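All values reported here derive from a predicted model rather than from experimental measurement. By convention in this document, chain letters (A, B, ...) are assigned in the order of the sequence lines, proteins followed by strands, and residues within each chain are numbered from 1.
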There are 2 protein chains.
Amino acid sequence: MPRTAPKLIPASQECKDCPIRHRAVCAKCEPDELDALEQIKFYRSFEAGQTVVWAGDSMEFVASVVTGIGTLSQTMEDGRRQMVGLLLPSDFVGRPGRDTSAYDVTAATDVVMCCFRRKPFQDMMLRTPHIGQRLLEMTLDELDAAREWMLLLGRKTAREKIASLLCIIARRDASLKLSRSGGSMSFDLPLTREAMSEYLGLTLETVSRQMSALRKEGLIVTEGKRHIVIPDFDLLLEETGDDSDGGFLV
Amino acid sequence: MPRTAPKLIPASQECKDCPIRHRAVCAKCEPDELDALEQIKFYRSFEAGQTVVWAGDSMEFVASVVTGIGTLSQTMEDGRRQMVGLLLPSDFVGRPGRDTSAYDVTAATDVVMCCFRRKPFQDMMLRTPHIGQRLLEMTLDELDAAREWMLLLGRKTAREKIASLLCIIARRDASLKLSRSGGSMSFDLPLTREAMSEYLGLTLETVSRQMSALRKEGLIVTEGKRHIVIPDFDLLLEETGDDSDGGFLV
DNA sequence: TTGTTGCCTTGATTTAGATCAACATCCATG
DNA sequence: CATGGATGTTGATCTAAATCAAGGCAACAA
């Protein structure tokens with residue numbers, strides 16, 4: 001599938017003077033622009049499970065995830081919940097021009113965010129077109145990801161959903177590029193079974209059962225509840241129902 | 001839900017000299033920018049059911065829908081299909097910077113598109129920041145719509161899905177603003193039962209059954225297969241499972 | 001007029017995943 | 001080191017939607 005993977009700015013283009021390299025917003029920043037960003041920037045950290053903002057609450061900043069993993073979710077009146085966004089390091093949170101959050105934003109693991117006060121950030125976007133251009137790129141990538149996710153929600157079986165989620169996390173979690181060797185890779189699942197079920201549009205029981213099934217068949221190996229080893233990534237990929245080429249693997 | 005409705009540019013800001021008012025891309029255009037757009041613009045029309053491009057095919061233009069309704073769909077190897085985008089007049093098609101279509105683009109009704117050659121359009125975006133800004137706005141709106149759609153696919157019942165789709169079309173189809181009177185409105189369904197099922201992640205039999213159920217209960221009235229009358233919009237809205245305020249109703 | 005074709009509807013049956021329920025494991029804490 | 005709460009697993013049963021199957025109806029062509 002032709003989904004474009006979120007582009008990471010090559011290290012050579014990062015803002016070296018920037019204490020944290022918030023690649024999301026200042027990939028091409030000039031010194032004066034960087035100064036301006038510094039002026040309106042602050043950090044916030046959240047513990048695993050903590051809510052960053054509730055849907056409908058006012059949000060006086062936009063932010064970029066520095067470390068950890070967050071989620072965006074929608075809740076129906078009767079409590080049914082669907083995750084609609086997964087936030088990984090360098091992902092952008094918040095919509096310039098909107099002053100309340102459209103979604104519940106939650107820290108799945110401990111999270112550090114680099115925040116920018118919203119109003120001055122918006123002003124800066126007007127003066128600095130490449131920030132908007134970068135944001136457009138990122139938003140288009142997110143839209144592609146959302147559409148891939150819609151296929152998963154609408155048409156995949158529970159087994160395919162689980163395999164897809166594991167492959168998505170394995171692919172996107174930069175931390176485990178290191179622990180990859182041969183066809184095998186391993187990582188810590190950043191999501192509880194409940195969070196996985198909210199991601200996939202399933203119940204947590206079904207998630208648990210399918211995880212057990214994949215384990216029994218040797219497609220995954222678990223160490224404790226959360227640590228996952230994928231002995232053969234291509235084998236797991238075949239269970240996702242996606243085109244064999246993997247499409248958006250980069 | 002705080003989804004922002006796609007913003008239509010007020011008539012006062014439209015390009016009066018532009019034969020079709022492709023509001024999507026030239027809301028604030030200066031005369032010289034308008035000229036540049038005219039240079040790279042052409043029209044194409046498609047019959048209902050015709051495919052505009054297949055996923056993976058090269059697409060040498062980006063476009064704005066002038067009239068009619070189109071769809072974006074993804075297909076799995078075994079033929080399972082999921083619609084991932086609905087294109088209504090003024091919606092934008094194609095991704096600047098990408099030369100092949102990520103999705104099957106299909107005309108649901110007869111469609112006219114205002115196309116711009118991709119390369120020059122991209123060049124123009126670099127020179128003309130407000131086009132990019134407008135595109136960012138539109139992409140963020142689409143992302144919100146996609147996330148609403150994810151909630152529908154992941155968590156709603158068949159009945160709620162059908163009610164939601166009818167409300168979405170009723171709300172977005174500008175043509176029927178006119179046929180609204182009191183709480184009732186009516187319109188021609190632009191989708192076949194099969195297309196509805198691809199939108200909703202259901203089978204066409206389930207779509208048909210739920211339509212019949214809503215008809216029997218008087219929530220909708222049908223004239224022929226395709227013409228729908230909604231006697232009381234609020235009553236139908238209650239069947240969608242969404243928050244009572246409707247959220248993104250404008 | 002009589003096929004033929006494309007949509008749509010309805011009925012009978014099956015099934016994947018939900019729901020209800022019990023129990024296991026792992027910590028953190030008094 | 002017992003206690004309690006959060007998290008995860010597994011089993012039994014139920015059900016919403018899928019699947020399989022048969023027709024209906026309008027448009028159109030021979």
Rounding to an integer number of Å, can you tell me how far [X] [atom1] sits from [N] [atom2]?
{"X": "A:R81", "N": "C:dA18", "atom1": "CZ", "atom2": "C1'", "answer": "19 Å"}
{"X": "B:E205", "N": "C:dA12", "atom1": "CD", "atom2": "P", "answer": "15 Å"}
{"X": "B:K156", "N": "C:dG17", "atom1": "NZ", "atom2": "C1'", "answer": "21 Å"}
{"X": "B:R193", "N": "C:dT10", "atom1": "CZ", "atom2": "C1'", "answer": "13 Å"}
{"X": "A:E194", "N": "D:dG5", "atom1": "CD", "atom2": "P", "answer": "17 Å"}
{"X": "B:R209", "N": "D:dA17", "atom1": "CZ", "atom2": "C1'", "answer": "9 Å"}
{"X": "A:R155", "N": "D:dA17", "atom1": "CZ", "atom2": "P", "answer": "13 Å"}
{"X": "B:K225", "N": "D:dA26", "atom1": "NZ", "atom2": "C1'", "answer": "8 Å"}

Check whether any side-chain nitrogen or oxygen of A:R159 sits under 4.0 Å from OP1 or OP2 of C:dA16, and answer yes or no.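 A:R159 to C:dA16 OP1/OP2: no side-chain N or O under 4.0 Å.
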Return no unless some side-chain N or O of A:T206 is found under 4.0 Å from OP1 or OP2 of C:dG17.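 Answer is no, no contact under 4.0 Å.
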Please answer whether the main-chain N or O of B:T139 pairs with a side-chain N or O of A:T139 as donor and acceptor at a distance below 3.5 Å.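 A pair under 3.5 Å: no.
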Reckon B:G49 touches a base, only the sugar-phosphate, or nothing at all at heavy-atom distances under 4.0 Å?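 Result for B:G49 = nothing.
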Quick one: label A:T192 by what it contacts on the DNA or RNA (base, sugar-phosphate, nothing), any heavy atom closer than 4.0 Å.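 Answer is sugar-phosphate: A:T192 comes under 4.0 Å of backbone atoms only.
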Degree of bending, the helix from C:dT1-D:dA30 to C:dG30-D:dC1 (end axes from five pairs; round to 10°):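 Both end axes considered, the difference amounts to 20°.
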